[in-house]
Amino acid sequence: MNAGIAFISRKSRKTDVAWRYAIAVVLVVCCIGLAYVEIVVAPWFINEVVSMFPETTLLKEPSMFWEWAILLAVQATLLCTAAKLVVPERLLAQAAGLLDMIRIVALIVVFSVTTTGNITICLMNFGTPGFVYGVALCSLAAIIAIIVLLCTAALQHLLHADVIWSESHAFVEGLGFGVAGPDVERYVVAAGLTGEVEHVAIQGGAYMVAAGPLVNA
C-alpha cells in the first residue's frame, strides 16, 4: 500500500492534469457523436424499419422517445464525468455531490427506458433474439454503473478527510505518548482524488514522532 502511495506521489501533476483534460475531451467528442446519432442516425433507422415492416408502425413514436431518452441520459452521464475531471478542486468540492446525483439519475433513466422498451417489444412479438439480448445487456450495464457509482460515493464519504483525521488521531493516541488532539497536525493533498495523509507530526514535550504516508484518501 505504501509503495502504491509513493508511486502516486511521484507522478507529475502536469501529466495528471493533461490526462484528465485528454479524457474529458474524448468524453465531449463522444457526446457530440451521440448527438449526431440521436438527431440523424436513430430517426433514419427507425423510419427504415417501419417502412420495411409496416406492422411496427405503432412502435415508431415510442421508439423515438426511447432513443432520445437513452441517448440524452448517456450524454448527461458523460458530460458530468468530464466536468468532474476538469473542474478545479475548490469548486468540485461543492458540486461533486450534484454531479454524482445527475449521473445516477441518468443511469436510472437508461435502465428504466431500456427495460420498458424491451418488455413492450417482447409483448408485441416484434423482438428478435439479437435485439432483445442487446437491450438487456444495456440494462445490465446501467445497473452495474449505478452500483459502482453508489459504492464509489460511499467510499469517498467513508474516506473523507474528517474520517482520516479521526483515524489519524486514534493512531497517534495509540502510540502511547499521551498527546492531546490539538497537538496533531494533518496534511491532506487533493482530498477525494489522489490525496493522502503525508505525515502525522506529534509534538509533545521532548517527543517528536513522524509517521510516513498512512492512508490513501
Side-chain angles (χ1 to χ4, degrees), residues 8 11 13 15-43 45-46 61-121 131-164 188-196 216-217:
I8 294 175
K11 290 197 311 180
R13 180 172 178 80
T15 302
D16 183 61
V17 171
W19 272 109
R20 289 176 179 275
Y21 274 91
I23 295 173
V25 169
V26 171
L27 295 177
V28 172
V29 171
C30 289
C31 287
I32 296 173
L34 288 175
Y36 177 78
V37 172
E38 179 182 338
I39 297 172
V40 178
V41 178
F45 179 76
I46 292 172
E61 298 303 326
S63 298
M64 291 288 189
F65 168 76
W66 293 336
E67 66 96 0
W68 273 82
I70 292 171
L71 293 178
L72 284 174
V74 173
Q75 287 174 296
T77 303
L78 295 179
L79 288 176
C80 288
T81 303
K84 292 196 70 172
L85 289 172
V86 300
V87 172
E89 294 172 12
R90 62 181 182 278
L91 300 178
L92 184 61
Q94 302 174 358
L98 177 61
L99 293 175
D100 287 337
M101 183 62 66
I102 293 174
R103 291 197 296 178
I104 291 173
V105 171
L107 290 170
I108 291 174
V109 169
V110 173
F111 171 76
S112 302
V113 174
T114 52
T115 302
T116 302
N118 220 5
I119 293 173
T120 303
I121 291 174
F131 177 86
V132 171
Y133 292 137
V135 175
L137 187 61
C138 292
S139 300
L140 179 62
I143 282 292
I144 293 174
I146 292 170
I147 294 173
V148 169
L149 284 176
L150 290 175
C151 290
T152 302
L155 286 174
Q156 287 178 346
H157 176 74
L158 291 175
L159 298 178
H160 191 267
D162 291 338
V163 178
I164 295 174
V188 180
V189 179
L193 296 174
T194 58
E196 67 258 11
N216 186 5

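Since we're looking at a predicted model, the values are computed, not measured.
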Quiz item: Minimum heavy-atom separation for Ala142 to Val110, with atom names?
Solution: CB-CG1, 4.0 Å
Exercise. Please check if the side chain of Thr114 supplies one atom and the backbone of Phe111 the other of a donor-acceptor pair under 3.5 Å.
Key: yes
Exercise. Kindly compute the distance separating OG1 (Thr77) from CG (Leu72), expressed to the nearest 0.5 Å.
Key: 10.5 Å
Quiz item: Would a 4.5 Å heavy-atom cut-off, applied to side chains only, mark Gln75 and Leu78 as touching?
Solution: no
Quiz item: Could you state the interatomic distance from SG (Cys80) to CE (Met101), rounded to the nearest 0.5 Å?
Solution: 11.5 Å
Practice problem: Provide the closest heavy-atom pair for Ala24 versus Leu85 in the form atom of the first, atom of the second, distance. | Solution: N-CD1, 4.0 Å
Quiz prompt | From CA spacing to verdict: side chain to side chain contact (heavy atoms under 4.5 Å, CB included), Val132, Asn118 | solution = CA-CA 6 Å; Val132 171; Asn118 220 5; 3.9 Å; yes
Quiz item: When rounded to the nearest 0.5 angstrom, what distance separates CG in Leu34 from CG in Leu79?
Solution: 9.5 Å
Quiz item: Do Trp66 and Ile121 have side chains that get closer than 4.5 Å, going by heavy atoms?
Solution: yes
Quiz item: Is the shortest heavy-atom distance from the side chain of Glu67 to the side chain of Val37 under 4.5 Å?
Solution: no
Quiz prompt | Inter-residue atom distance Ile32.CD1 - Leu27.CG, 0.5 Å rounding | solution = 11.5 Å
Quiz item: Atom OG in Ser139, atom CD1 in Ile144: separation rounded to 0.5 Å?
Solution: 11.0 Å
Practice problem: Count the heavy atoms belonging to other residues, nucleotides or ligands that lie under 6.0 Å from CE of Met64, then report whether that count exceeds 12. | Solution: yes
Exercise. Look up atom CD1 in Ile108 and atom CG in Leu149, then write down how far apart they are to the nearest 0.5 Å.
Key: 10.0 Å
